Every structure is written in C-alpha cells, then in structure tokens.
Amino acid sequence: MSEMTQVRLTEVFVELTDTLVDDFDLLDFLHGLTEKCVEILGVSAAGLLLTDERDRLQLVAASTERTRLLELFQLQTEQGPCMDCFRTGQPVSVADLSATDRWPHFTQAAAEVGFASVHALPMRLRTEVIGALNLFHTEPCALDEETLRVGQALADVATVGLLQQRAIQHRDNVTEQLQTALNTRVLIEQAKGALAERLGLDVDDAFIRIRAEARTRNVRLADLARDIVEGTAPAPLAARGDVID
C-alpha cells in the first residue's frame, strides 16, 4: 500500500468515527461508506445492508444504481453471498460468480447488471451482526488478504460508529432513526428519478447532484429529496441545464 493510500485510509477512518456531532446524518454517513470502499479498495461498486427494528435486512446505501437493484434482488429472493454473510457473521468471497452454483438466481442477476465477482463482509461487533458490506467487481477478481483486511476494518469501524450512536441516543431512538432512514430511502429514489428525467441525467448522476446540493446548502438529503418530489427545490435542481456551483 502506497504512503498516499495509507494517509487517505487514516483520514477515512477518522471520518467514519465522527458520529458524535450534533448534525450527524445517518444516510449521508452510510452512502459515504460505500463510496469510500470504492475509493480505497479499488472495487467497482459497494452496497450496504442493515437490519431494521425487526432485525430484518434492508438496503440502506449503494454506490451505483445497478448495485442497488442487485441488492434489492438479494433481499427479495433471500439468496446470495450477502445474505449468507449476514446469517453466518462470516465473510463470503467469490472471485468468479460464473464458477459457482451456490446462488444460481443471484449469479444470473449479477451478470445481467455487469458484475462478475462479489465479496461480502459482515457489519459485526463481537457476536452482534447488524448487516453486511458488499463489494462488487465487473471482472472476475480475487481480493488479496490485505485488501480484505482493510475492507473488514472499514466495516468494523463503521459498525462501532453506528453502535456508538445507538448507545448515546439509546437503542430505541436510534432504531427509530434507522427506520426513518429506510422509509426516507423511498423518497430519495423518487427524487433521483424525478431529477434524472427533469435534467436528462442517469440516476447515478442525479443522486450525485442531490448530495452535492444538500451539502452545499447544509440541508438533509431527505428534506431536499422531498422538495424535489414536491417541485419546491432550489433553482439549480429545478430546470434543465442548470448546474450546481
């Protein structure tokens, strides 16, 4: 690992532990985790599944639209490496999906959206498993031990941050916050679709613009998404051809 990569990794760990701030935004934190995995680990995409208040897995973040679709497919069919990772609390690594027959439906769906390998890492602290962090490659790819260790470290640090937040605000309050985030995800998907159609973008670029605008204006993703859906969003998101400064 290069010195520059090590410095950036240290910065990322600091960012992931910064969950004590008053304006902590859970959705932005989780989406940021998937983006940092792509940046640091060199994977093509990442997705994140977490348990809701009924201990059922839900999709909470994905770095790309096709990743979101594949993760939703896993949840709907209850089949795939990410589901196995969550159930066992152990990593699941498949360098070439076409070479395994463990999850035929998942393998077909992954191929249809362009993924050839997957590596699932548990979101775990001791015996408590709260989800799975899933890494995807568009080509068959076996991650080396160092990369897998770093990936698991990112998952572990994020897990500690989330559980720390729960401890501070009490478990019931944070569970409600997570459930709100899950419910809000539907609103954000609607906003992505509306903005993509309005500005002639694909949904991934639409989401990038929404996040950038939310950060620029220091507003929550959910609030901005609601404004976009209701047609009351600020000017940069309201008309074709406008750009975010």
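The structure displayed is predicted, hence computed values, not measured ones.
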Quick one, His105 and Gln76 - any side-chain contact, counting heavy atoms below 4.5 Å?
no

Membership question, hydrophobic clusters at under 4.5 Å side-chain separation (ILVMFWY): are Leu148 and Val150 in the same one?
yes

Using modelled atom types only, decide if a donor and an acceptor are shared between the side chain of Glu71 and the backbone of Ala62 within a distance under 3.5 Å.
no

Roughly how far apart are Leu33 CG and Leu154 CG, rounded to 0.5 Å?
7.0 Å

Nearest heavy-atom pair of Phe136 and Gly47: which atoms, and what distance?
CE1-N, 4.3 Å

Heavy-atom pair of closest approach, residues Ala191 and Val229:
N-CG2, 3.7 Å

Linking I/L/V/M/F/W/Y whenever their side-chain heavy atoms sit closer than 4.5 Å, directly or via other members, would Leu187 and Ile210 fall into one cluster?
no

Kindly say whether Pro122 contributes a backbone atom to a donor-acceptor pair with the side chain of Gln152 at under 3.5 angstrom?
yes

Mark yes or no for whether Gln74, through its side chain, and Phe106, through its backbone, hold a donor-acceptor pair below 3.5 Å.
no

Worked check of side-chain contact (heavy atoms from CB on, under 4.5 Å) between Thr184 and Arg220:
CA-CA 11 Å; Thr184 302; Arg220 291 184 176 272; over 6 Å; no

Indicate if Phe115 and Leu69 have the same hydrophobic cluster label, given that clusters are the connected sets of ILVMFWY residues with side-chain heavy-atom separations under 4.5 angstrom.
no

Atom pair CE/CD1 of Met123 and Ile130 - distance to nearest 0.5 Å
5.0 Å

Of all the heavy-atom pairs spanning Ala120 and Cys82, show the shortest one and how long it is.
CB-CA, 3.9 Å

Considering all heavy atoms of both residues, which atom of Asp144 and which atom of Thr147 are nearest to each other, and what is their separation?
OD1-N, 2.7 Å

Mind listing the closest non-hydrogen atom pair of Val160 and Leu125 along with its distance?
CG2-CD1, 4.1 Å

Report the distance from atom CG of Leu30 to atom CZ of Arg185, rounding to the nearest 0.5 Å.
12.0 Å

Cluster question for you: counting only ILVMFWY and a side-chain heavy-atom cut-off of under 4.5 Å, with indirect links fine, are Val118 and Leu57 together?
no

Measure from the side-chain N and O atoms of His119 to the backbone N and O of Cys141, and report whether any donor-acceptor pair falls under 3.5 Å.
yes

Would you call Glu65 and Arg68 a salt bridge, using N to O less than 4.0 angstrom?
yes

Approximate separation, where rounding is to 0.5 Å, of Phe86 CZ and Leu50 CG
9.5 Å

Above 12 or not: heavy atoms from other molecules or residues under 6.0 Å from CD of Glu139?
no

Transitive ILVMFWY side-chain link Leu48 to Leu72, under 4.5 Å
no

Whether the side chain of Thr34 engages the backbone of His31 through a donor-acceptor N/O pair (distance < 3.5 Å, no angle test) should be reported.
yes

Taking the side chain as everything from C-beta on, heavy atoms only, tell me whether Arg66 gets closer than 4.5 Å to Thr138.
yes

Which residue is it: Asp28, Ile188, Leu27? I am looking for the one with a side chain to side chain contact (heavy atoms under 4.5 Å, CB included) to Arg211.
Asp28

Kindly indicate, with the supporting measurements, whether the criterion side-chain contact (heavy atoms from CB on, under 4.5 Å) is fulfilled by Met83 and Leu75.
CA-CA 8 Å; Met83 304 299 293; Leu75 292 174; 4.0 Å; yes

Leu135 and Cys37, any side-chain heavy atoms less than 4.5 Å apart:
yes

Thr67 side chain vs Ala45 backbone, donor-acceptor pair below 3.5 Å:
no

At what distance, to the nearest 0.5 angstrom, does CZ of Arg124 lie from CG of Asp156?
6.5 Å

Taken to the nearest 0.5 Å, the spacing of Thr232 OG1 from Asp227 CG works out to 3.5 Å

Looking only at heavy atoms, which two atoms of Ala206 and Lys192 are closest? And how far apart?
CB-O, 3.6 Å

What's the verdict on salt bridge (charged side-chain N to carboxylate O under 4.0 Å, His left out) for Glu146 and Arg149, showing C-alpha distance, side-chain angles and the deciding distance?
CA-CA 5 Å; Glu146 181 182 28; Arg149 283 198 302 269; 5.5 Å; no

Are Arg209 and Leu195 close enough that some pair of their side-chain heavy atoms sits under 4.5 Å apart?
yes

Any side-chain heavy-atom pair from Phe73 and Val113 closer than 4.5 angstrom?
no

